[in-house]
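Here's the structure, in structure tokens; my notes come after.
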Amino acid sequence: MTVRTRFAPSPTGYMHIGGMRTALFNWLFARHHGGQFLLRIDDTDQQRNMEEALEPILNAFRWLGLNWDEGPEVGGPYAPYFQSQRTASYAAALGKLLSEGTAYRDFEPAEETRAQKEAADREKRQYVSSRASVNLTADEVKSKMSAGEPFVIRFLIPRDEKVVISDHVRGQVEWDCSLMPDPVIARNDGSPLYNFATVVDDAEFRITHVIRAEEHLSNTPIQVLLHKALGNRMPEWAHIPYVAAPGGKEKLSKRKIAAYRNNPQFQKLFELGDAVLGRIGLDPKSDSLSPVMVEYYRRVGFLPEGVLNALARLGWSLDDQTEILSLAKIVESFSLDRVIRSPAGLDPDKLISFQSYWMTQLPAADKLQACLSFLREAKLIDGDTEDVRQYVARVIELAADRLRVFGDIFQLDEFFVDDSCLRYDEKNFQKRVVNPEAAIDLMRAVRKQFSECDDFKAPVLHDLVHAFVTERTIKAGELFPAIRLCVTGKAQGADLFCTLEILGKDRVLGRIDRSLGRAESARG
RNA sequence: GGCCCUAUCGUCUAGCUAGGUCUAGGACAUCGGAUUUUCAUUCCGGUAACGGGGGUUCAAAUCCCCCUAGGGUCACCA
């Protein structure tokens, strides 16, 4: 029997990074076993704009390269894959349960049910359903229905049973049914609720392994019972730990972003966004895009390889050594029994470290392509001429491993802004250009040498500046930072002479002039 | 609170199923040192963990029990 797994997102308008990890494990398990991975849209409770809410989720899968064999857009033998379009299946299953007496129409008013629950809580006893409606005769049910009395459909829990599952991650887990209230499986209008729709669909889609986050563990006994009542073939279960917030054990949640900003472990991720998102016209402080979402990583300039590697290593490991894994390698070696049982906090440091590694592995041409689109989006370049491409390629080469994510290209904005728009690190400009007595005269002398240099190349400039330093018997430390500050506005950066070469003589001279002007007026 | 789950360096984890070779391994982070005109990289080195208490055993991170702590879930959401 071929393995079939599924991921069943509800269309919420964004893809949660933890959900992505769950989806990844499903995808990996299916691919490892040569089976199928499908996407089902759990939209039983959605009134919102479907397309708008689904697209970001599909995009996340596409970006990471996790294809689905059946589901939205690709269809499949068990179509449709939207729960909102599968009402006939639910109606049929409902009819079966009702006629066999394993489900019943519950006419008890909601307030009454709630009151019973509260009373049970108060008296510290376990609440179970009153089942007042179970004893209604067929005629009574009929007359109540025709009188328009509201009801819900509940599944009749077999109270004398125990449910035992053998979970691929957790081993044997069991529940005592006598403690379980009868769950509502459908509303008045016949629309199904999660636990019921999931069971019907998992069976119809021939899902063999239900791999989902641990928070669903408590839903499992109900689903097992439902499968049994429906006469389904039981899927196997694997409850993987959820993804926790960095450094903690609490479930990563979109609603807690404000608090995460103050989480020191989370800081690095927010810093990336703060540095990058504003450049491409997105509000870095807006909660509509945060490190909880897959989209965030794409926009900041992560590589699918980096994110995938980090996600795969969250709660799963190959052995005691291997950290760097390509998707192909993960597919090859993935297994459920190497999934850890306790929740794993997202590890920003490690994520960035994986990302940096995969960035170094990326072919120059791909790096260029991506940086071009980031720069264009930030309006730091326009056009796509060969000149622009070559120029950007040189900057990327210079940046070398400073480029961890594509957004880091913005840290080298001195290569792209107009001389007049160059921004200065004021504190260091003061310290190295304005304050030192000799700095301005030194810079003037260097400027003169630069202007007389006909071969404005890094090695030439290197020799030139070193000769200058030796001749004047000054320390490199007196001059180098001043040159850098004057030309780039920054206190540190990539190789100084290559920087000068790429900028070119004209811009270098122009920027020195401008900087010297600033320095003089600062001295008063 | 009920039910359920979990517990190894700061973090992600290996080791636990078949107890000894674990004076507990790796990675990230961190701290030193070397390289570098700065930053980054790279290379060396260091600090750092079996939650507690009982058992079982010649021997326990590994098996059993209790405690403690953390977490998930308790919807006519998914």
Side-chain angles (χ1 to χ4, degrees), chain A residues 8-12 42-46 83 106 110 113-114 117 120-122 124-127 150-154 167 169-171 173-176 179-181 183-189 191-195 197-198 212-221 239 241-242 244 246-251 264-265 268 310 313-324 337-338 340-354 356 360 399-404 408 411 428 432 462 465-466 469 475-481 483-485 490-497:
Chain A
S10 89
T12 52
D42 283 12
D43 56 349
T44 52
D45 190 44
Q46 298 299 323
Q83 290 193 323
D106 180 11
T113 306
R114 199 178 324 118
K117 199 173 294 178
D121 279 351
R122 246 188 335 255
K124 293 191 197 308
R125 77 188 141 74
Q126 185 66 31
Y127 167 81
F151 63 88
V152 292
I153 299 178
R154 287 185 190 273
D167 190 281
V169 176
R170 268 141 232 286
V173 185
E174 58 175 86
W175 294 266
D176 183 348
L179 270 23
M180 295 162 62
V184 176
I185 57 176
R187 301 184 182 90
N188 207 350
D189 60 3
S191 62
L193 260 27
Y194 168 73
N195 273 131
T198 291
R212 50 168 32 163
E214 179 195 344
E215 65 226 54
H216 282 290
L217 193 54
S218 54
N219 285 321
T220 308
H239 288 89
Y242 55 86
K249 293 290 174 204
E250 248 175 80
K251 205 167 77 172
Q265 313 234 35
K268 280 190 181 159
R313 279 291 287 101
L314 216 53
W316 176 84
S317 65
L318 172 55
D319 52 33
D320 60 341
Q321 297 285 320
T322 316
E323 298 285 343
I324 298 291
D337 41 66
R338 289 202 63 86
I340 199 92
R341 280 180 299 272
S342 57
L346 184 68
D347 188 339
D349 281 322
K350 209 139 184 186
L351 169 61
I352 292 169
S353 153
F354 282 127
S356 302
T360 66
D401 42 39
R402 287 172 191 79
L403 195 75
R404 299 116 79 218
D408 282 337
Q411 308 227 352
N428 279 298
R432 326 230 63 146
H462 175 271
V465 173
H466 275 280
V469 164
K475 286 192 210 137
E478 278 184 69
L479 185 60
F480 283 49
I483 297 177
R484 187 186 293 283
L485 259 317
K490 291 172 183 165
Q492 63 225 4
D495 183 90
L496 180 58
F497 304 104

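Computed from a predicted model, the values in this text were never measured in an experiment. Lettering of chains follows the sequences in order, A, B, ..., and the numbering in each one begins at 1.
Listed candidates were B/C5, B/C76, B/G72. Nearest to the side chain of A/Arg170 is B/C5. The side chain of A/Gln265 has B/G10 as its nearest neighbour among B/G10, B/A7, B/C76. With distances taken from any side-chain atom of A/Val173 to the nucleotides B/C76, B/C3, B/C4, the minimum falls on B/C4.
Pair check for B/A18 finds none; no Watson-Crick or G-U wobble contact set falls under 3.5 Å. Under the Watson-Crick and G-U wobble criteria, each requiring two contacts below 3.5 Å, nucleotide B/A49 is left unpaired. Partner assigned to B/G2 is B/U73, using Watson-Crick or G-U wobble distances below 3.5 angstrom. B/U35 is unpaired under the criterion used here, namely a Watson-Crick or G-U wobble arrangement in which both key atom distances are under 3.5 Å. If you check B/A60 for Watson-Crick or wobble pairing at under 3.5 angstrom, you find it has no partner at all. For B/C28, the paired nucleotide is B/G10, the pair qualifying as Watson-Crick or G-U wobble because both relevant distances are below 3.5 Å.
A/Lys117 places its NZ atom 14 Å from the C1' atom of B/G1, with the value rounded to the nearest Å. Atom CH2 in A/Trp316 sits about 12 Å away from atom P in B/U13, given to the nearest Å. In this entry the distance linking CG of A/Leu314 with P of B/C12 reads 8 Å, nearest Å. Atom-to-atom, CD1 of A/Ile352 to P of B/C12 comes out at 16 Å; the value is rounded to the nearest Å. In this structure, CZ of A/Arg212 is placed 13 Å from C1' of B/G72, rounded to the nearest angstrom. Spacing between atom CG of A/Leu217 and atom P of B/C4 amounts to 10 Å, rounded to whole angstrom units. Separating the NE2 atom of A/His216 from the P atom of B/C74 is a distance of 10 Å, rounded to the nearest angstrom. Look at CG on A/Asp176: it is 10 Å from P on B/C3, rounded to the nearest Å.
Note on ring orientation: taking the six-membered ring where Trp is involved, the planes of A/His466 and A/Phe480 are perpendicular (angle over 60°, cut-offs 30° and 60°).
Across the interface with RNA chain B, nearest-nucleotide mapping of A/Leu179 and A/Ala186 shows A/Leu179 to be the residue nearer the 5′ end. Nearer to the 5' terminus of RNA chain B, by closest-nucleotide assignment, is the contact made by A/Gly248 (compared with the other of A/Gly248 and A/Pro192).
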Check your understanding: Where along nucleotides 26-35 of chain B does protein come under 4.0 Å, by heavy atom, of base (B) or sugar-phosphate alone (S), with - for untouched nucleotides?
Key -> BBSS------
Practice item. Using a 4.0 Å heavy-atom cut-off, write out nucleotides 36-43 of chain B from 5' to 3' as B (base contacted by protein), S (sugar-phosphate only) or - (no contact). Key: -BBBBS--
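Residue A/Ala476 comes nearest to A/Val469 through the heavy atom pair N-CG1, 4.0 Å, listed as atom of the first residue, atom of the second, then distance. The two atoms that bring A/Asp495 and A/Arg484 nearest to each other are C-NH2, 4.4 Å, heavy atoms only.
Under a 3.5 Å cut-off, the side chain of A/Tyr242 and the backbone N or O of A/Glu250 do not form any donor-acceptor pair. A donor-acceptor pair is defined here as one N or O able to donate and one able to accept, closer than 3.5 Å; such a pair exists between the side chain of A/Ser356 and the backbone of A/Ile352. Within the 3.5 Å criterion, the main-chain N or O of A/Ser317 finds a donor-acceptor partner in the side chain of A/Arg338.
Two residues are said to be in side-chain contact when any heavy atoms from C-beta on lie closer than 4.5 Å; A/Pro241 and A/Ile340 meet this criterion. Between A/Leu314 and A/Leu346 the shortest side-chain heavy-atom distance falls below 4.5 Å.
Across all strands shown, A/Lys249 has heavy atoms under 4.0 Å from sugar-phosphate atoms exclusively, and none from any base. No contact: A/Val465 has no heavy atom under 4.0 Å from any strand. The residue A/Arg338 sits close only to the backbone: its heavy atoms come under 4.0 Å of sugar-phosphate atoms, none of a base. Using a 4.0 Å heavy-atom distance criterion, A/Val184 is classed as a sugar-phosphate-only contact. Here A/Lys475 lies out of heavy-atom contact (under 4.0 Å) with every strand. Here A/Asn195 lies out of heavy-atom contact (under 4.0 Å) with every strand. Backbone-only engagement by A/Ile340 is indicated by non-hydrogen atom pairs under 4.0 Å involving sugar-phosphate atoms exclusively.
The ring pair (Phe, Tyr, Trp, His ring centres under 6.0 Å) test applied to A/His216 returns A/Tyr194, not counting sequence neighbours. Residues forming a side chain to side chain donor-acceptor pair (under 3.5 Å) with A/Asp121 (at least two apart in sequence, or on another chain): none. Not counting sequence neighbours, A/Asp167 has no partner by the salt bridge (Lys or Arg N to Asp or Glu O under 4.0 Å) test. When the side chain to side chain donor-acceptor pair (under 3.5 Å) test is applied to A/Arg313, the partners found at least two apart in sequence or on another chain are A/Glu323.
Separation of the C1' atoms belonging to B/G15 and B/G70 is 23 Å when rounded to the nearest angstrom. Comparing the same atom, C1', in B/C16 and in B/A24 gives a spacing of 12 Å after rounding to whole Å. If you take atom C1' in B/G46 and the same atom in B/U38, they sit 27 Å apart, rounded to whole Å. Comparing the C1' positions of B/C44 and B/A7 gives an interatomic distance of 35 Å, to the nearest angstrom. Comparing B/C50 with B/G25, their C1' atoms sit 13 Å apart, to the nearest whole Å. With both ends at atom C1', the span from B/A60 to B/G20 equals 10 Å, rounded to whole Å. Annotation: B/C39 and B/A34 have their P atoms spaced 13 Å apart (nearest Å). Rounded to the nearest Å, the gap between the P atom of B/G71 and that of B/U11 is 14 Å.
For B/U73, one of the phosphate oxygens OP1 or OP2 lies less than 4.0 angstrom from a side-chain nitrogen or oxygen of A/Lys251. In this structure, A/Arg341 does not reach the B/G70 phosphate: none of its side-chain N or O atoms is under 4.0 Å from OP1 or OP2. At the phosphate of B/A78, neither OP1 nor OP2 sits under 4.0 Å from any side-chain N or O atom of A/Thr198. The side chain of A/Ser317 places an N or O atom within less than 4.0 Å of a non-bridging phosphate oxygen (OP1 or OP2) of B/A14.
If you run side-chain hydrogen bond (donor to acceptor under 3.5 Å, both in side chains) between A/His239 and each of A/Arg212, A/Glu215, A/Arg170, only A/Arg212 comes through.
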